[in-house]
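For ligands, and for the atoms within them, numbers begin at 1 and follow the listed sequence. Along the sequence shown, residues are numbered consecutively beginning with 1.
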Amino acid sequence: MAPIDALPPLREVIKRYALRPKKSLGQNFLHDLNLTARIARAAGPLDGISVVEVGPGPGGLTRALLAEGARRVVAVERDDRAIKALGEVAAHYPGRLTVVSGDALEFNARNVLADGQARVVANLPYNIATALLVGWLTEEPWPPWYDSLVLMFQREVAERIVAGPGSKTYGRLSVLAGWRTQAKILFDVKPSAFIPPPKVTSSVVQLIPRPEPAPCDASALQRVTEAAFGQRRKMLRQSLKTLGADAITLLGAAGIAPTARAEDIPVEGFVALARAFAR
Ligand code: SAM
């Protein structure tokens with residue numbers, strides 16, 4: 001396969017900028033530009049699109065996004081060594097890469113994006129991956145500023161995101177994701193694709209915002225699912241007691257049997273519960 005750009009191979013970038021991976025920053029770097037191109041293509045076509053990337057690291061995915069035609073990439077990174085390495089990428093694609101130094105959890109994309117379509121594509125640091133996803137799923141107003149999220153997670157987290165009722169992995173994250181998006185696993189990535197190789201398989205997940213999810217307060221939905229799945233083996237009449245509201249009344253208002261358990265309730269049921277709770 002032809003190289004995606006005239007920049008040095010990623011292993012050389014990692015060596016040159018002494019990017020010894022730090023566990024505290026969730027650093028598992030991709031080293032194969034064919035794979036980063038595959039991820040970028042999964043998020044495509046990118047012509048005319050502004051992409052927000054969290055944690056560009058040595059820039060493998062960043063380069064693929066730019067080579068695939070993204071109008072602009074805004075990359076948020078908190079490791080200064082990586083920010084230095086990205087200078088070469090920025091010079092290679094003049095005016096198309098903006099590197100923001102800082103914590104992605106504090107970053108507000110709306111402040112830096114101009115008009116037009118925007119998308120999030122990232123190989124997320126595993127230690128804040130769920131927090132970042134919850135932030136994107138609870139954006140207000142809705143529909144959000146992005147038209148899709150294409151994100152790499154540990155396989156176990158990816159399974160929780162896409163799970164449906166009746167599954168052991170169905171939980172708070174599945175309800176939140178299912179409420180506001182259509183989520184699916186696109187493909188798996190084996191540990192050997194990373195430096196250093198993580199212990200587990202990773203998966204690339206695509207989440208497309210639903211234009212009109214059932215109206216519901218995101219924080220009420222989070223409270224209700226937290227209570228219900230916090231004691232997932234118990235009947236809801238018991239587990240919902242931690243909400244401090246009358247569980248039987250809430251369940252009655254939502255049309256759910258008091259003897260049902262969290263993992264049997266579809267997303268619409270949790271939305272009805274959250275609406276009853278927020279009343
Ligand atoms: N995108 C690169 C790749 O695929 O090779 C690196 C991915 S690595 C899994 C996660 C990246 O997120 C690292 O570069 C790390 O420094 C960065 N990171 C970790 N915590 C961060 C935070 N709170 N805000 C922004 N970037 C962060």
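Interatomic distance, I256 CD1 to L251 CG, rounded to the nearest 0.5 Å: 6.0 Å.
A donor-acceptor contact shorter than 3.5 Å links the side chain of R180 to the backbone of E139. Under a 3.5 Å cut-off, the side chain of Y170 and the backbone N or O of I265 do form a donor-acceptor pair. In this structure, the side chain of S174 engages the main chain of G171 through a donor-acceptor pair within 3.5 Å.
If you check the side chains of T201 and D188, you find no donor sitting under 3.5 Å from an acceptor.
Residue-level contacts of ligand 1 at the 4.0 Å heavy-atom threshold are L25, G26, Q27, N28, F29, L30, E53, G55, P56, G57, V76, E77, R78, D79, G102, D103, A104, N123, L124, P125, I128.
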Could you pull out all donor-acceptor pairs under 3.5 Å where a side-chain atom in residues 48-60 meets a protein atom, sequence neighbours excluded?
unit_1: S50; atom_1: OG; unit_2: R71; atom_2: NH2; d: 3.3
unit_1: E53; atom_1: OE1; unit_2: T62; atom_2: OG1; d: 2.6

